[in-house]
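Letters A, B, ... are given to chains in the order of the sequence lines, protein chains preceding strands, and every chain is numbered from 1.
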There are 2 protein chains.
Amino acid sequence: MTRIFFVSLIPIRPEGPSGPPSERSDAARNRERLLEAARDLVAEHGADALTMDMLACRANVGKGTVFRRFGSRAGLMMTLLSDAEAEFQQLFIFGPPPLGPGAPAAERLIAFGEARIAYIDRNGELARAAEHSPHNRHEAPPAQLWHRHIEMLLREAGVGDPWLTASFLLSVLDPERVLYALRTQGVELGRLQAGWREFAGRLLARPDARD
Amino acid sequence: MTRIFFVSLIPIRPEGPSGPPSERSDAARNRERLLEAARDLVAEHGADALTMDMLACRANVGKGTVFRRFGSRAGLMMTLLSDAEAEFQQLFIFGPPPLGPGAPAAERLIAFGEARIAYIDRNGELARAAEHSPHNRHEAPPAQLWHRHIEMLLREAGVGDPWLTASFLLSVLDPERVLYALRTQGVELGRLQAGWREFAGRLLARPDARD
DNA sequence: AAGCTAAACGGACTGCGGTCCGCTTTGTAT
DNA sequence: ATACAAAGCGGACCGCAGTCCGTTTAGCTT
């Protein structure tokens with residue numbers, strides 16, 4: 001049985017550049033200024049070093065404006081990530097196997113983790129900062145989508161309690177943890193991915209393997 | 001081959017009540033005051049609501065004193081947990097099987113996770129706060145001990161890259177995640193433990209099962 | 001008992017994320 | 001052109017973790 005998910009694909013953030021309420025011109029101008037300044041600051045000093053005051057100052061904008069636009073520091077980081085995130089989503093939902101549909105669940109799960117780890121290796125600091133919110137946390141739209149995706153794969157593979165198991169697997173792929181391994185512990189990207197392959201492979205290994 | 005680990009068992013915190021440099025009397029008095037005040041505040045309002053100013057005020061002590069004693073908020077929480085933590089350590093190192101030595105690795109791992117989840121259900125807020133440090137994080141003595149323990153079990157079970165796999169499993173048992181499932185998502189303790197049983201069980205299932 | 005020194009003390013201060021609210025700008029209705 | 005509401009703006013303000021440094025005190029020495 002095929003489940004159809006009504007997935008809103010791109011809208012990582014609720015509002016696109018031109019929403020129905022039609023953004024006021026000064027607001028649009030300020031949003032551009034802020035995004036440009038934020039990208040510059042991240043490029044120069046890294047995501048962790050970016051402070052909201054610094055950003056407001058650089059963009060010649062009041063601090064209140066920054067928070068009205070993005071809600072929080074995490075929301076800003078989310079916005080900065082949205083392009084990369086949308087691309088990643090495309091790949092595992094519509095892309096070619098084994099990441100996209102067409103491959104067996106076990107292979108798709110392995111590919112998902114490998115791709116996610118590579119993603120974190122590239123965009124990890126932003127991703128980590130995007131989750132560092134007192135509220136939200138694991139409730140951001142992308143996280144929910146990953147969860148549903150993995151849950152579906154696990155159900156396909158006949159794992160009991162796929163929902164909970166998906167949570168477990170997402171813990172392993174948490175940017176905080178993955179970055180800690182990559183940066184602080186100095187684990188090589190390849191080793192991490194190989195570890196995931198064995199981990200996920202064992203988890204979905206069918207005792208009655210036959211193919 | 002049996003590996004012998006020189007494990008310093010109790011010292012979750014570096015210094016005990018009577019260290020060699022012999023604590024000054026006023027310092028000892030203030031430490032007691034602070035611990036009592038901290039326990040009261042946690043009992044009254046929960047660990048998350050405890051602020052360092054509040055604690056200093058309640059203990060009739062300067063803020064600087066609080067930080068000299070515990071280093072950080074996380075350090076304070078660590079200290080408050082040290083008794084429960086030491087007890088937990090005793091159980092999985094010296095206690096009866098299946099948690100303690102004597103049972104097969106797979107069973108010990110399952111028991112470890114179940115015990116850890118129950119522990120987090122009891123002391124989770126403190127444990128989560130104890131890890132919420134900008135520095136340290138996964139480097140606190142207890143976490144290293146758990147890691148070595150799980151690593152040993154995985155090696156015994158013939159898992160490749162036991163070190164990395166142990167990191168993965170500890171991600172799943174992270175207080176942040178477990179508490180989120182228990183409190184925010186409303187997952188029942190029993191379901192969480194059952195999920196872990198299946199998860200860890202699958203992971204260590206030997207394809208050539210014979211016993 | 002008096003003097004001395006290192007340890008301990010306390011609270012003002014900093015930096016940061018986030019909020020609030022009185023003022024300004026924009027787009028529209030007349 | 002003018003008036004007017006609402007959306008937007010900005011920066012003073014708050015709470016909190018953590019630091020700094022001038023002052024106090026415990027406990028040893030003589």
Side-chain angles (χ1 to χ4, degrees), chain A residues 14-15 17-35 37-38 41 45-80 128-137, chain B residues 15 17-35 37-38 41-42 45-80 128-137:
Chain A
E15 294 297 326
S18 58
S22 76
E23 191 177 37
R24 241 171 68 169
S25 64
D26 53 347
R29 176 177 46 83
N30 280 337
R31 202 193 50 241
E32 290 315 313
R33 272 206 225 154
L34 279 167
L35 284 177
L41 285 173
H45 313 294
D48 292 343
L50 183 147
T51 74
M52 299 305 260
D53 292 274
M54 200 189 292
L55 174 58
C57 176
R58 176 84 155 229
N60 278 310
V61 141
K63 200 178 179 182
T65 302
V66 183
F67 279 90
R68 184 164 350 84
R69 200 62 60 201
F70 303 109
S72 68
R73 192 171 183 280
L76 166 69
M77 299 303 182
M78 207 85 131
T79 305
L80 292 179
R128 183 218 276 150
E131 292 192 352
H132 258 303
S133 178
H135 320 295
N136 287 345
R137 197 73 180 92
Chain B
E15 292 296 327
S18 55
S22 76
E23 193 176 37
R24 239 170 69 168
S25 65
D26 53 345
R29 176 177 47 84
N30 280 337
R31 201 193 51 240
E32 289 315 312
R33 272 205 226 156
L34 280 167
L35 284 177
L41 286 172
V42 168
H45 313 294
D48 292 343
L50 182 149
T51 74
M52 301 304 262
D53 293 273
M54 200 189 294
L55 174 58
C57 176
R58 176 85 155 228
N60 278 311
V61 141
K63 201 178 178 181
T65 302
V66 183
F67 279 91
R68 186 165 348 86
R69 199 63 59 200
F70 304 109
S72 69
R73 192 171 183 280
L76 166 69
M77 299 302 182
M78 207 87 131
T79 304
L80 292 179
R128 184 218 277 148
E131 291 192 353
H132 259 303
S133 178
H135 320 296
N136 287 344
R137 197 71 179 91

Rounded to whole Å, how long is the line connecting atom [atom1] of [X] with atom [atom2] of [N]?
X: A:Asp48; N: C:dG17; atom1: CG; atom2: P; answer: 11 Å
X: B:Met77; N: D:dC16; atom1: CE; atom2: P; answer: 13 Å
X: A:Asp26; N: D:dA6; atom1: CG; atom2: P; answer: 17 Å
X: B:Arg73; N: D:dC16; atom1: CZ; atom2: P; answer: 10 Å
X: B:Arg31; N: C:dA8; atom1: CZ; atom2: P; answer: 11 Å
X: A:His45; N: C:dG15; atom1: NE2; atom2: C1'; answer: 16 Å
X: A:Phe67; N: D:dA12; atom1: CZ; atom2: C1'; answer: 14 Å
X: A:Leu76; N: C:dG18; atom1: CG; atom2: P; answer: 10 Å

Taking 4.0 Å as the cut-off, does a side-chain nitrogen or oxygen of [X] come that near to OP1 or OP2 on [N]?
X: A:Asn30; N: D:dC9; answer: yes
X: B:Thr51; N: D:dG15; answer: no
X: B:Arg29; N: C:dA8; answer: no

Subject >> Interface with DNA chain D, restricted to residues 54-66 of chain A and to heavy atoms under 4.0 Å >> reply: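 The answer is A:Val61, A:Gly62, A:Lys63, A:Gly64, A:Thr65.
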
Original post:
side-chain contact (heavy atoms from CB on, under 4.5 Å) between A:Arg73 and A:His132: does it pass, once the steps are laid out?
Top reply: CA-CA 8 Å; A:Arg73 192 171 183 280; A:His132 258 303; 5.8 Å; no

**OP:** Report yes or no: does A:Arg69 contribute a side-chain atom to a donor-acceptor pair with the main-chain N or O of A:Leu35 at less than 3.5 Å?
**Re:**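 Checked: no pair found.
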
Counting heavy atoms from C-beta on, name the nucleotide in [options] closest to the side chain of [X].
X: A:Ser72; options: D:dT19, C:dC9, C:dG18; result: C:dG18
X: B:Asp53; options: D:dT19, D:dG27, D:dC16; result: D:dC16
X: B:Arg24; options: C:dC9, C:dT19, D:dT25; result: D:dT25

Original post:
Do you know the tightest heavy-atom contact between B:Leu55 and B:Leu41?
Top reply: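 It is CA-CD1, 3.8 Å.
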
Original post:
Which pair of non-hydrogen atoms, one from B:Ala37 and one from B:Arg58, has the smallest distance, and what is that distance?
Top reply: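 Taking every non-hydrogen atom into account, CB-CG, 3.6 Å.
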
Original post:
Closest nucleotide of DNA chain D for B:Met52 versus for B:Ser25: which of these residues is on the 5' side?
Top reply: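 Its nucleotide being nearer the 5' end, the pick is B:Met52.
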
Original post:
Side chains of A:Leu76 and A:Val66: closer than 4.5 Å at any heavy-atom pair?
Top reply: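 A:Leu76 vs A:Val66: side chains apart.
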
**OP:** Indicate yes or no: at least one non-hydrogen side-chain atom of A:His45 is less than 4.5 angstrom from one of A:Leu50.
**Re:**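 Of all side-chain heavy-atom pairs linking A:Leu50 with A:His45, none is under 4.5 Å.
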
**OP:** State which residues pass side-chain hydrogen bond (donor to acceptor under 3.5 Å, both in side chains) with A:Arg128; sequence neighbours excluded, sorted by chain then number.
**Re:**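 Once residues adjacent in sequence are excluded, the partners of A:Arg128 under the side-chain hydrogen bond (donor to acceptor under 3.5 Å, both in side chains) criterion are A:Asp48.
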
Original post:
Relative to the 5' end of DNA chain C, which residue comes earlier, A:Arg68 or A:Ala49, by the nucleotide with the nearest heavy atom?
Top reply: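 Result of the comparison: A:Ala49.
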
